[in-house]
Amino acid sequence: MAKTSKEYTEAYKKPVEKNFSAKKILECGIGREEYNRISTYDTAKEVWEALQKAHEGTTQVKQFKIDMLTTEYEIFKMRDDESIQDMHTRFASIINKLHSLGETIPRNKLVRKILSILPRYWESKVNVITESKDL
């Protein structure tokens, strides 16, 4: 049976207000399609968990994505018909996706990876950079 507003205590009102505020903040930060997915949930916690699962997936899915991106990073090569800029854009995309999943690769390792995949005609520049040891 529903309570009247006078029957609600301060101890009851505060968590209800916090939940309402948190849920509204989450709802304001998403698009219409996302809203339709979460509109039936009652609590901010349920909304958050649904959004998290939709975007990150389960732990297994997340680990699978990390494994796939790590493999993509490890076998990454510069294409013959590719400019340095295009290669860097592809490389950065992989690194950014890994980072968004919580995996970070140290900068010096990233630099070494790029230097190792550059074409042969970059060899003299790679040698100078490698010898400077400022990776």
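Along the sequence shown, the residues carry numbers beginning at 1. Keep in mind the model is a prediction, meaning the values are calculated, not measured.
Taking each heavy atom of Phe76 and Ile94 in turn, the nearest pair found is CD1-CD1, 3.6 Å. In plain terms, the two heavy atoms of Lys23 and Ala44 that are nearest each other are N-CB, 3.7 Å. In plain terms, the two heavy atoms of Glu82 and Arg79 that are nearest each other are OE1-N, 3.0 Å.
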**OP:** Please step through side-chain contact (heavy atoms from CB on, under 4.5 Å) for the pair Lys109 and Tyr73, ending with a clear verdict.
**Re:** CA-CA 11 Å; Lys109 193 173 180 183; Tyr73 164 80; 3.8 Å; yes
**OP:** Start with the C-alpha gap between Asn36 and Ser39, add the side-chain angles, then the distance that decides, and say whether side-chain hydrogen bond (donor to acceptor under 3.5 Å, both in side chains) holds.
**Re:** CA-CA 5 Å; Asn36 291 336; Ser39 63; 5.2 Å; no
**OP:** Begin from the C-alpha positions of Arg37 and Glu34 and carry the test salt bridge (Lys or Arg N to Asp or Glu O under 4.0 Å) through to its verdict.
**Re:** CA-CA 5 Å; Arg37 181 182 297 149; Glu34 293 285 342; 3.1 Å; yes
Subject >> Derivation and outcome, salt bridge (Lys or Arg N to Asp or Glu O under 4.0 Å), residues Lys97 and Glu72 >> reply: CA-CA 11 Å; Lys97 288 175 186 173; Glu72 200 173 332; 5.9 Å; no
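At most 12 non-hydrogen atoms from other residues, nucleotides or ligands lie less than 6.0 angstrom from OH of Tyr41.
With rounding to the nearest 0.5 Å, the separation of CD1 in Ile95 from CD in Glu103 is 11.0 Å. Note: Lys45 NZ to Gln52 CD = 10.5 Å, rounded to the nearest 0.5 Å. The CZ atom of Arg112 lies 10.5 Å from the OG atom of Ser116; values are rounded to the nearest 0.5 Å. Residue Phe20 holds its CZ atom at 13.0 Å from CG of Asp42, rounded to the nearest 0.5 Å.
Side-chain atoms of Glu46 come within 3.5 Å of backbone N or O of Thr43 as a donor-acceptor pair. Distance alone, capped at 3.5 Å, is enough to place a donor-acceptor pair between the Asn96 side chain and the Ala92 backbone. Within the 3.5 Å criterion, the main-chain N or O of Thr89 finds no donor-acceptor partner in the side chain of Ser93.
Taking the side chain as every heavy atom from C-beta outward, Ile117 and Met87 approach each other to under 4.5 Å. Within the 4.5 Å cutoff, side-chain heavy atoms of Met78 are placed close to those of Ile84. Between Leu98 and Thr104, every side-chain heavy-atom pair lies at or beyond the 4.5 Å cut-off.
Under the 4.5 Å side-chain heavy-atom criterion for ILVMFWY residues, a single connected hydrophobic cluster contains both Ile114 and Ile105. Following chains of ILVMFWY side-chain contacts shorter than 4.5 Å, one can reach Ile30 starting from Leu26, so the two form part of one hydrophobic cluster.
For the pair Lys113 and Phe91, the cation-pi test (distance below 6.0 Å, angle within 45°) is failed.
A side-chain donor from one of Asp86 and Ser83 sits under 3.5 Å from a side-chain acceptor of the other.
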